[in-house]
Amino acid sequence: MAAFDRDELEQAFRTYWQAGAVGENWDAWADCFTEDADYVEHVLGRMKGREAIRAWIKPIMVQFGELYTAYEWHLIDPSSGRAIVYMQNRRDHPSGTGTIDFPGVTILEYGGGGKWRYEEDFWAFPQAQATNKEYADACEKYDREHAKKRTRLNWGHGPAWTRGAPSYAART
């Protein structure tokens, strides 16, 4: 693999994170990939090409609109052109206090020109299933319409660029 400039990789990662996790602009996020990108999502499938990625991400994010991504940390490796990010897949608790989370890790490989050529996602599937049930039970107990509110109340403790608005409707 070719070596890349750390600042270039960092900027590409921030653009990717802000378009998707923070801005939830899935067209802009898909545009962060090369035309021939490979995307491996170990639970939900494999995609080949930017347009396949776009066609997949948009309906999946509508289906799980109450879910958002809270940044924990990331690493940049200029020698390999990779970025690795650890995150929480998060729902705000319908009671109004706390969150319901399951962790995930994404590995990105850079393709140059501000675009990623490869993404591979790993997430804790048994924990995701448990949190789905926990969230459904909490909605039943506290607020049956909670998912429609698409709140984003706890972005975590990452840098300011990793945090978004308190709701999907209020995002910029």
Results of salt bridge (Lys or Arg N to Asp or Glu O under 4.0 Å) for Asp27 - residues two or more places apart only: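 Asp27 satisfies salt bridge (Lys or Arg N to Asp or Glu O under 4.0 Å) with Arg54, Lys58 only.
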Chi angles and distances behind the side chain to side chain donor-acceptor pair (under 3.5 Å) call for Tyr39, Glu41: CA-CA 6 Å; Tyr39 192 113; Glu41 212 304 337; 5.7 Å; no
Just so I know, are the side chains of [X] and [Y] near enough to count as touching, which here means a heavy-atom distance under 4.5 Å?
X	Y	answer
Tyr71	Trp161	yes
Gln127	Pro103	yes
Trp73	Val85	no
Trp116	Tyr16	yes
Trp26	Ile53	no
Leu108	Phe13	yes

State, to 0.1 Å, how close [X] and [Y] come at their nearest heavy-atom pair, and which atoms those are.
X	Y	answer
Arg163	Val22	O-CG1, 3.5 Å
Arg90	Ala70	NH1-CB, 3.4 Å
Ile100	Pro94	CD1-CD, 4.4 Å
Gly111	Thr34	CA-CG2, 4.3 Å
Phe33	Glu119	CZ-OE1, 3.1 Å

Check against ring-ring contact (aromatic ring centres under 6.0 Å, His included), Tyr142 and His93: CA-CA 9 Å; Tyr142 296 104; His93 198 284; 5.6 Å; yes
Does the distance from a Lys or Arg side-chain N to an Asp or Glu carboxylate O, for [X] and [Y], drop under 4.0 Å?
X	Y	result
Lys48	Asp38	yes
Arg6	Glu10	no
Arg82	Asp77	no
Glu145	Lys149	no
Lys148	Glu66	no

Side chain to side chain donor-acceptor pair (under 3.5 Å) between His146 and Tyr135, intermediate numbers included: CA-CA 10 Å; His146 188 266; Tyr135 182 72; 2.7 Å; yes
With no hydrogens and no angle check, is any side-chain donor or acceptor of [X] less than 3.5 Å from a backbone partner on [Y]?
X	Y	value
Trp155	Ala165	yes
Arg171	Tyr168	yes
Arg152	Arg150	yes

Donor-acceptor side-chain pairing of His42 and Glu120 below 3.5 angstrom: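 Yes, because at least one side-chain N or O of His42 sits under 3.5 Å from a partner of the opposite role on Glu120.
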Worked check of side-chain contact (heavy atoms from CB on, under 4.5 Å) between Phe122 and Thr106: CA-CA 6 Å; Phe122 299 89; Thr106 292; over 6 Å; no
Joint hydrophobic cluster, [X] plus [Y], side-chain heavy atoms closer than 4.5 Å:
X	Y	result
Phe64	Trp56	yes
Ile57	Val43	yes
Ile60	Phe102	yes

Check against side-chain contact (heavy atoms from CB on, under 4.5 Å), Tyr86 and Gln88: CA-CA 7 Å; Tyr86 179 74; Gln88 295 298 322; 3.5 Å; yes
CA sep, side-chain torsions, deciding dist, call: Asp31, Arg50, side-chain contact (heavy atoms from CB on, under 4.5 Å): CA-CA 7 Å; Asp31 289 340; Arg50 179 189 305 143; 3.9 Å; yes
Pairwise distance CG(Asp36) to OH(Tyr118) - rounded to 0.5 angstrom: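 So the gap between those two atoms works out to 13.5 Å.
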Distance (rounded to the nearest 0.5 Å) between Glu109 CD and Leu9 CG: 11.5 Å
Member of Thr151, Asn132, Thr99, Asp101 meeting the side chain to side chain donor-acceptor pair (under 3.5 Å) criterion with Arg91: Asn132
Option from Asn154, Asn89, Asp92 for which side chain to side chain donor-acceptor pair (under 3.5 Å) with Tyr68 holds: Asp92
Partners passing side-chain hydrogen bond (donor to acceptor under 3.5 Å, both in side chains) against Lys133 (at least two apart in sequence or in another chain): Asp137
From CA spacing to verdict: side-chain contact (heavy atoms from CB on, under 4.5 Å), Thr131, Gln129: CA-CA 5 Å; Thr131 62; Gln129 290 178 309; over 6 Å; no
